[in-house]
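Here the structure comes first, spelled out in structure tokens, and everything after it is commentary.
Numbers here simply count residues along the sequence, with the first being 1. Please read these numbers as outputs of a predicted model, since none were measured by experiment.
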Amino acid sequence: MRVVLAEDSVLLREGLVWVLGSAGIEVVAAVSDAEGLLRAVDEHEPDLVVTDVRMPPTHTDEGLRAALLLRHRRPKLPILVLSQYVEERYATRLLSTATTGVGYLLKDRVADVADFLDSLRRVAAGGTALDPEVVAQLLLRRHSDPLDLLTRREYEVLALIAEGRSNAGIAEALVVSESAVGKHINNIFAKLQLSGAEKDHRRVLAVLRFLKIREAT
């Protein structure tokens, strides 16, 4: 796997280069700003982009806006956002552009290197990796949207789906049976109007569909 990394903190950037290299992942470019990110992707055509949100010159949302531009130019390019912040407006747009190859993790909540690498590989392979706190801020903040149809338990299941957990993993986290998890997931699909014809991606669509609705409202 070939990765382009964008992170303005020198220590964190070099640390990530070391972590990825130790896992056999080649960092073909490690840059400190959004312009460098765009140039590096054009030059190296990586398998995955890992980017921070806040980078020079304004330290607001340059990284996320660059990710949106990359997604527009290269719709199949997997992108993993790794940040201390949830930048709501642009994060919603990024996560609404596709149902594959996208992730948004919060740095302070990455507690295990192996889990981080698993999330990175999942995104590179076309999956998703969304921190539950990101889901909470982007999906659950508004009370006037159709997510109000979901029960509290269904919200919890949806957040764990966003983490990429299997039914068995969700059951273990919530201390319930797998059959109960299956019923909750079927209820979520029904309430979010996800038909059986979309079964290959319904778990992802369950998280991302309402990001699109939220962006439009």
Original post:
Can you find a heavy atom in the side chain of Val176 that is under 4.5 Å from one in the side chain of Val181?
Top reply: yes
Side-chain contact, heavy-atom cut-off 4.5 Å: Val157 with Asn187? no
What one should report as the nearest heavy-atom pair of Leu158 and Ile188 is N-CD1, 4.0 Å
**Request:** Say whether Leu12 and Val53 are linked into one hydrophobic cluster, either directly or through other cluster members, by side-chain heavy-atom distances under 4.5 angstrom.
**Result:** no
Counting N and O atoms only, with roles assigned by atom type, does the side chain of Arg54 sit under 3.5 Å from a partner on the main chain of Gly63, one being a donor and the other an acceptor? no
Residues Pro56 and Ser32: closest non-hydrogen pair is CD-O, 3.3 Å
Discussion item. Main chain of Val28, side chain of Glu26: is a donor-acceptor contact present, judged purely on distance under 3.5 Å?
Written reply: no
Would you say the side-chain atoms of Arg165 pair up with the backbone N or O of Ile170, donor to acceptor, closer than 3.5 Å? no
Apart from Leu11 itself, members of its ILVMFWY cluster (side-chain separation under 4.5 Å) are none
Between Leu106 and Tyr85 the two heavy atoms that sit nearest each other are CD2-O, 3.8 Å
| In terms of hydrophobic clustering (I, L, V, M, F, W, Y; side-chain heavy atoms under 4.5 Å; direct or indirect links), are Val113 and Leu5 co-clustered? | yes
Closest non-hydrogen atoms of Leu20 and Phe116, given as atom of the first, atom of the second and distance, are CD2-CE2, 4.2 Å
Sidechain-backbone polar pair: Glu62 side chain, Thr60 backbone, donor-acceptor under 3.5 Å: yes
CG (Leu94) and CG (Leu64) are apart, to the nearest 0.5 Å, by 6.0 Å
The reported gap from CD in Glu14 to CD in Glu7 (rounded to nearest 0.5 angstrom) is 10.5 Å
Notebook entry, point to check: Any salt bridge between Lys107 and Asp52, counting N to O under 4.0 Å?
Noted result: yes
Exercise for the section: Tell me whether Val3 is reachable from Leu16 by hopping between hydrophobic residues (I, L, V, M, F, W, Y) whose side-chain heavy atoms are closer than 4.5 Å. Expected result: yes
Between Val49 and the options Leu37, Val81, Val123, the side chain to side chain contact (heavy atoms under 4.5 Å, CB included) test singles out Leu37
Between the side chain of Asp33 and the main-chain N/O of Gly36, is any donor-acceptor distance below 3.5 Å?
yes
Side chain of Asp118, backbone of Ala114: donor and acceptor closer than 3.5 Å? no
Output for pair (His44 NE2, Arg39 CZ), nearest 0.5 Å, gives 11.0 Å
message: Would a single hydrophobic cluster contain both Val102 and Val4, if residues Ile, Leu, Val, Met, Phe, Trp and Tyr are joined by side-chain heavy-atom contacts under 4.5 Å?
response: yes
Looking only at heavy atoms, the pair that brings Ser119 and Leu105 closest together is CB-CD1, 3.9 Å
Smallest heavy-atom separation, Thr128 atom then Arg122 atom, equals O-NE, 2.8 Å
Q) Side chains of Leu48 and Ile25: closer than 4.5 Å at any heavy-atom pair? A) no
d(Glu43 CD, Glu45 CD) to nearest 0.5 Å is 10.5 Å
**Asked** Is it true that Val110 and Tyr104 fall in one hydrophobic cluster, defined by side-chain heavy atoms closer than 4.5 Å?
**Response** no
For this session: Might you work through the side chain to side chain contact (heavy atoms under 4.5 Å, CB included) test for Leu117 and Val19, ending with a clear yes or no?
Result: CA-CA 9 Å; Leu117 292 172; Val19 166; 4.3 Å; yes
One should read off an interatomic distance between Leu70 CG and Arg73 CZ, to the nearest 0.5 angstrom, of 6.5 Å
Side chain Asp47, main chain Arg2, donor-acceptor under 3.5 Å: yes
Take atom CD of Glu156 as the centre, draw a 6.0 Å sphere, and report whether it contains more than 12 heavy atoms from other residues, nucleotides or ligands.
yes
- Query: So, the side chain of Arg153 versus the backbone of His184: is there a donor-acceptor pair under 3.5 Å, distance only?
  - Reply: no
